[in-house]
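Working notes, beginning with the structure itself.
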2 protein chains.
Amino acid sequence: MPKIGMEPVRRKALVDAAMRVIGDHGSLAVTMSEIAKQAGVSPALAHHYFGSKEQLLIETVRVHLQRLRDSVVTALRAATTPREKLSAVIRVSFQADQFAPETIAAWLAFYAEAQRSEETRRFLVIYARRLHSNLVANLKALCAAGDAERIAEGAAAMIDGLYIRQSLRSAPISTEASIALTEDYLTTNLDAVKG
Amino acid sequence: MPKIGMEPVRRKALVDAAMRVIGDHGSLAVTMSEIAKQAGVSPALAHHYFGSKEQLLIETVRVHLQRLRDSVVTALRAATTPREKLSAVIRVSFQADQFAPETIAAWLAFYAEAQRSEETRRFLVIYARRLHSNLVANLKALCAAGDAERIAEGAAAMIDGLYIRQSLRSAPISTEASIALTEDYLTTNLDAVKG
DNA sequence: TATTTTTGATTGACTGATCAATCAATAAAA
DNA sequence: TTTTATTGATTGATCAGTCAATCAAAAATA
């Protein structure tokens, strides 16, 4: 069975498995055994490639934030006007795979983990900054800098808040409704500062 | 040392200790020993009064949501007009003790826990519904029912989102700024649907 | 080509630490 | 004496992390 060049394959499998197990479990209190089983390897192998559980989890956050970033970059490229780019950022935030219950549960778990793990926190801060700057950059083309900052703060908070509320699965809000609410926030605010 | 009638005293001390330890630790992965130590009793006593760790944690959520509820009720009583009542709800959400880093860390941990514990989830759903209905009830006095629903969803999401972003402690937003942002959201939206 | 050596991949079995939970025992009030 | 409060000691389970051993492909050598 042992073939050469398995490392990248196993690393990816383990990171994907970790995200799935964390999402299902709704918490980082998952065992290396569960993750390894899900990836179809032994727990020992997971340790062999990642050194520790913490490292595997950190790598899991990193990889998934990278994927989210890639989605945003692609969506931004496809949009042309600032207003379209703003919509693109919002759309990606709520796109199906991001807004799935297990994904939301996983992100929530990572936010909790960030209270203890400086490295996890760093990654999430990068995400928050990126979202903020994507919003501000495009808003500045549509209104004064001060207003752009304020509207961006509000929009970012609303996006994150819609995630949290989604995590409770009571009165779940549809993807479309979430997008509509955020779009509406931008439109109303842009109109207000202009008119 | 053993005096009679200690049960309520110990229960309160343990619940308070749990909240403090969870807040400091930033996670529910705290030990009964830590909580008991913080409360100045033995771990065995914590089990004696609560039966299990899970029950102690559930009781901790319940008690703290009850306190939050009391604050809101008091603040609502002090306000007279619908608009003032809306401001009261917002003010309480961001009041000092609620917005302290340890408190936010604790809530975050409870939200994560709610993915696994049905009972924890139930309590948080009750909080979400209460916030929503407090907002809707007063908004309905100021605009059409449909708009009230929508604005309430947005405001609730924004409040929760500001909490999450606060938890990362990067570019922390002040209490006043958070209140201003949410107030501004309400004002702008109410103006938009009226004018 | 055939044979040996090396190296990467992989695991089962084990260890040490941690922790929730239990329980028997003690001490003081009623 | 009965009841309530309290704890130290202990247990049983869970898990992260380690390690020595195995297996097979690839590389080196004959």
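Order of the sequence lines fixes the chain letters, A, B, ..., with proteins taken first and strands second; residue numbering starts at 1 for each chain.
- A donor-acceptor pair is defined here as one N or O able to donate and one able to accept, closer than 3.5 Å; such a pair exists between the side chain of A:Lys53 and the backbone of A:Val30.
- Set against C:dT10, D:dA16, C:dA21, the side chain of A:His48 has C:dT10 as its closest nucleotide.
- Between B:Phe50 atom CZ and D:dT6 atom P there is a gap of 13 Å when expressed in whole angstrom units.
- One interatomic measurement links the two molecules: CG of B:Leu14 to P of D:dT6, which rounds to 10 Å at whole-angstrom precision.
- As a whole-Å value, the separation of B:Gln55 CD from C:dA20 P is 15 Å.
- Following rounding to the nearest Å, A:Glu34 (CD) and D:dT14 (P) show an atom-to-atom distance of 12 Å.
- Distance from the side chain of A:Thr31 is smallest to D:dC15 among D:dC15, D:dT18, C:dC19.
- Atom P of nucleotide C:dA21 and atom CG of B:Leu45 are separated by 15 Å, given to the nearest angstrom.
- Within the nucleic acid shown, A:Val9 has no heavy atom closer than 4.0 Å to any nucleic acid atom.
- For B:Arg150 and B:Asp147, the salt-bridge test passes: some basic side-chain N is under 4.0 Å from an acidic carboxylate O.
- A donor-acceptor pair is defined here as one N or O able to donate and one able to accept, closer than 3.5 Å; no such pair exists between the side chain of B:His132 and the backbone of B:Ala128.
- When rounded to the nearest whole Å, the span between CD1 of B:Ile35 and P of C:dA21 equals 11 Å.
- Among the nucleotides C:dA9, C:dA20, D:dA5, the one closest to the side chain of A:Glu7 is C:dA9.
- Between the CZ atom of B:Arg10 and the C1' atom of D:dT6 there is a distance of 8 Å, given to the nearest Å.
- Side-chain proximity of B:Ala44 to the nucleotides C:dT11, D:dT6, D:dG8 is greatest for D:dG8.
- Side-chain atoms of B:Ser87 and B:Arg83 include a donor-acceptor pair closer than 3.5 Å.
- Computed from coordinates, the B:His47 NE2 to D:dT6 P distance equals 16 Å when rounded to whole Å.
- Relative to the side chain of B:Tyr49, the nucleotides C:dT10, D:dT7, D:dA5 differ in distance, and D:dA5 lies closest.
- When the side chains of ILVMFWY residues are joined at heavy-atom separations under 4.5 Å, either directly or via intervening members, A:Trp107 and A:Val63 end up in a single hydrophobic cluster.
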